[in-house]
Amino acid sequence: MEVELTLPDGTRLRVPLGTRAGDVLRRWKPQEAHAFLAATLDGQPIDLERPIERSARLAPLTFEDRAGRDIVQHSAAHLVAKALLEVVPAARPTHGPPTDEGFYYDFDVRPLTLEDLDRIRANIRMSVEAKEPFHRKDLRRSEAEATFASNPHKLRYLAAAKPGETISVYYTGDQFVDLCRGPHVPDTSWLEGTYILGQSAVVSETTPGTPMLQRIRGVAFPTRHLLDEYLKMRKEAEARDHRILGPRLGLFTFLDEIPGFPVWLPNGTIVIRELERFARERLEKDGYVEVRTPLLFPQSVYEESGHWEHYRENMFLSTIDERTFGWKPMNCPGAMLIFRSRARSYRELPLRLAEFAPLHRYEASGTLHGLTRVRELVQDDAHLFVTEEDVAAEMRKLLDWIRDAYAVFRLDYTYELSTRPAGSLGNEEDWNRAEATLESLLRATGVPFRISAGEGAFYGPKIDIHVRDSLGRAWQTGTIQLDFQIPRRFHLEYQGADGQMHTPIVIHRTILGTWERFFGVFLEHCAGRLPPWLAPVQVRVLPVTEAQMSAAKGYADELLREGIRAEVSDTSETLPKRIRSAEVERIPYMVVIGEKEIADGSVSVRTRGEKGSRSASRAEFVARVVERARTRAFEP
RNA sequence: GCCACUGUAGCUCAGUUGGCAGAGCGGCUGAUUCGUAAUCAGCAGGUCGGGGGUUCAAGUCCCUCCAGUGGCUCCA
């Protein structure tokens, strides 16, 4: 009996039934076969050693394919499990999937120490050198249950398998066997670049309420060389860490006395002021009004808003005159009270109230992280009071705003649409209509988005914006949330054209999110090289010798008069040293003034990061800096 | 909050089996007046994260608290 296999380039090969996938692929492309680590049969991933039992489409998988990469990660997870069992035989493996970055494997085991990890690493090296094969074996359910009798986690997975489902196990070498669908790389030599990133305790995903599992995280590459490249990239990313750059550039700092509360230094305060200016320009254009409300509200207001019930654990509380006050974690209560403070007409809608107030949120100590997770923050926040007919138009304006704003920072972002959670308030019809509106608006933006079913707030669906830091960690920045509930809770109403009273819909929204998180991520994105409009010092004027000092000061004054943040370097260091200092401080423009420049009324301009200089007239350079700052150009 | 790890000068880091606390950069002072990424010299700067313990003796060993790092949970 023969089967016919169709390869990706259209080639058809007839081979005897039961021929291994790897053998077919080697015959097809002998020159490239060394890179094949698995295959797909009619799109389904399979092992190279798998016998083929029907005519089908067959294609190779390499590390370049996402599916192939995942197979390497997942195989490495098995390798880690095998090593851990040899180091700590009492450990019970649970599951070990690939992730976006690499892989992890969760174990039911005592907490692991660095020594354990070292022994695991050594064990992995031995396995890789021994080139231990991965073998698949199909088992009957009873056989599988006997094999994993001592591991309740695996038994639970078995119990969850569908009645007719094939149950397969994989051997790594002779001893270690794991319940797994596969496929895997042919042998452990494919896992030469396996690297353990760390360990942590995790809450069991499958069985909440059980003791914590220990997770080993890692990343794997087929060669040592590829791993080295990855490690080099990571090291470069670490050099852009905002927690290092911020204090070094005098932007912000963190103090032991006030964990989670960032301290904005003079340079950083300039940046925040510019960000607020940026946000306010658009607020004016888009018909917003800005308000200021207190930082503290009494418990009764939070009871009305729902925060007392849903958010109290995250609030700082104070007692004043025997009453309990909470430091506001969000701006909504103030906005609601303003709307309610007098009778409202439909003619005032949409009413858009913006507020940039410090917010306080009690975050668990272990979650604090530089500027990206703090206990005091400021959002570019606003609350829109709208009618249902307004929702789509307002949403579209917000999505345009987001597009424009993130383009200025050249930041890539993705959307997440979170839909109705269990136990939500309000009727299903409102939810469905709102979700459909949001989804079609998102689709129209062309920005990648995913839907998180059931992850919406209890009061309405939301759209979140995600960006990534230098190490690839995703952070939520902006958010747009539809709220049908809070207007009802506060008994908000306006008089319509029909003379009747109506309840508005509220849209909570931020564009960049919080200055803290957004700036932390952006600082890493630009590696500290802030665009001219944000740079605390935009121009440093450098006299070649002291003889040009007064000319340099005169020119700096000229720049200052044009609204350019300029300063003169007046130390007695050599010019190359002062250039270096300015580069290290990431100042966008360096202007050198020497005898020659004084003679012809020019300046010598060096742009950050560029070797050498070019000559410009004094007026030309002023005009250039003003223009780059006004247009918020990304590069100097 | 949970698990592991880390904490020596402003920063980056040395500091033998427990035996007198160091370097480079930065800072200050002086000299130098220099043409696009580091001029030279001198000086200052540390309760070795805090507290407790073991020891003749603790930066080093033990306990505890604080802060940080990587994850987890949660979240802008």
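Quick note: numbers below take in every heavy atom, side chains included, and nothing from hydrogens, waters or symmetry partners. Below, chain A is the first sequence line, B the second, and so on; all start at residue 1. Bear in mind the structure is a predicted one, so any value in this text is a computation, not a measurement.
- At the heavy-atom level, A/Q214 lies under 4.0 Å from the strands shown only through sugar-phosphate atoms.
- Dashed line: the shortest gap from a side-chain N or O of A/R361 to OP1 or OP2 of B/C74 is not under 4.0 Å.
- Rounded to whole Å, the distance from CG on A/L255 to C1' on B/G7 is 16 Å.
- Listed nucleotides: B/A76, B/C5, B/U39. Nearest to the side chain of A/L114: B/C5.
- In terms of position along RNA chain B, the nucleotide closest to A/L471 lies nearer the 5' end than the nucleotide closest to the other residue of the pair A/L471 and A/M330.
- In this structure, of B/A37, B/A67, B/G1, it is B/A67 that holds the atom nearest to the side chain of A/D256.
- Distance from the side chain of A/V202 is smallest for B/C72 among the nucleotides B/C34, B/C72, B/G1.
- Side-chain to base pairing of A/S572 with B/U33: no donor and acceptor N or O lie closer than 3.5 Å to each other.
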Could you walk me through whether A/R373 and A/E516 pass salt bridge (Lys or Arg N to Asp or Glu O under 4.0 Å), step by step? CA-CA 8 Å; A/R373 191 73 181 270; A/E516 287 77 11; over 6 Å; no

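- Among the protein residues, A/L112 comes within range of the sugar-phosphate backbone only, with heavy atoms under 4.0 Å from sugar or phosphate atoms but none that close to a base.
- Between the CG atom of A/D469 and the C1' atom of B/A76 there is a distance of 14 Å, given to the nearest Å.
- Nearest to the side chain of A/P111, among B/A76, B/C34, B/C3, sits B/C3.
- Rounding to whole angstrom units, CZ of residue A/R373 and P of B/G68 are separated by 13 Å.
- As judged by a 4.0 angstrom heavy-atom cut-off over every strand, A/E546 is placed among the base-contacting residues.
- A/K577 has no side-chain polar atom (N or O) that falls below the 4.0 Å cut-off from OP1 or OP2 of B/U33.
- A cation-pi geometry, defined here as NZ or CZ lying under 6.0 Å from the six-membered ring centre and within 45° of its normal, holds between A/R215 and A/Y104.
- Using a 4.0 Å heavy-atom distance criterion, A/T477 is classed as a sugar-phosphate-only contact.
- Between the side chain of A/R578 and the base of B/A38 there is no donor-acceptor pair of N/O atoms closer than 3.5 Å.
- Rounded to whole angstrom, the span from the CG atom of A/L368 across to the P atom of B/C75 amounts to 16 Å.
- Nearest nucleotide to the A/A201 side chain, out of B/A76, B/U33, B/C2: B/C2.
- The pair A/R119-A/E86 fails the salt-bridge criterion, with no side-chain N (NZ, NE, NH1 or NH2) lying under 4.0 Å from an Asp/Glu carboxylate O.
- Comparing A/R217 and A/T113 by the nucleotide of RNA chain B that holds the closest heavy atom to each, the one mapping nearer the 5' end is A/T113.
- Look at B/G19: its Watson-Crick or wobble partner, with both distances under 3.5 angstrom, is B/C56.
- Using a cut-off of 4.0 Å between Lys/Arg side-chain N and Asp/Glu carboxylate O, A/R375 and A/E363 are scored as not salt-bridged.
- Considering only heavy atoms from C-beta on, A/S617 stays 4.5 Å or farther from A/S602 through its side chain.
- Summarising the geometry, the separation between CD on A/E573 and P on B/C25 is reported as 13 Å, rounded to the nearest angstrom.
- The residue A/R509 sits apart from the nucleic acid: no heavy atom pair falls under 4.0 Å.
- Checked against a 6.0 Å centroid threshold, the rings of A/F409 and A/F519 do not count as neighbours.
- A close approach under 4.0 Å does not occur between any side-chain nitrogen or oxygen of A/S200 and OP1 or OP2 of B/C3.
- Residue A/Q199 is in base contact, counting any heavy-atom pair closer than 4.0 Å across all strands shown.
- For A/E610 against B/A37, a side-chain-to-base donor-acceptor contact under 3.5 Å is absent.
- Checked against B/C3, B/A76, B/C34, the side chain of A/V374 finds its nearest nucleotide in B/A76.
- Looking at the side chain of A/K611, the nearest of the listed nucleotides B/G26, B/A37, B/C72 is B/A37.
- For B/G1, its base never sits under 3.5 Å from the side chain of A/E363 at any donor and acceptor pair.
- Comparing atom distances between the A/P259 side chain and each of B/A37, B/G68, B/G71 picks out B/G68 as nearest.
- Between A/E585 and A/R540 there is a salt bridge, with a side-chain nitrogen of the basic residue lying less than 4.0 Å from a carboxylate oxygen of the acidic one.
- Straight-line distance from the CZ atom of A/R248 to the C1' atom of B/U12: 9 Å, rounded to whole Å.
- Under the Watson-Crick and G-U wobble criteria, each requiring two contacts below 3.5 Å, nucleotide B/G24 is paired to B/C11.
- With salt bridges taken as basic N to acidic carboxylate O contacts below 4.0 Å, none links A/D400 and A/K397.
- Across all strands shown, A/Q548 has no heavy atoms under 4.0 Å from either base or sugar-phosphate atoms.
- A/E516 comes within 4.0 angstrom of nothing in the nucleic acid, heavy atoms only.
- Picking from B/U39, B/G70, B/U73 the nucleotide with the shortest atom distance to the side chain of A/T367 gives B/U73.
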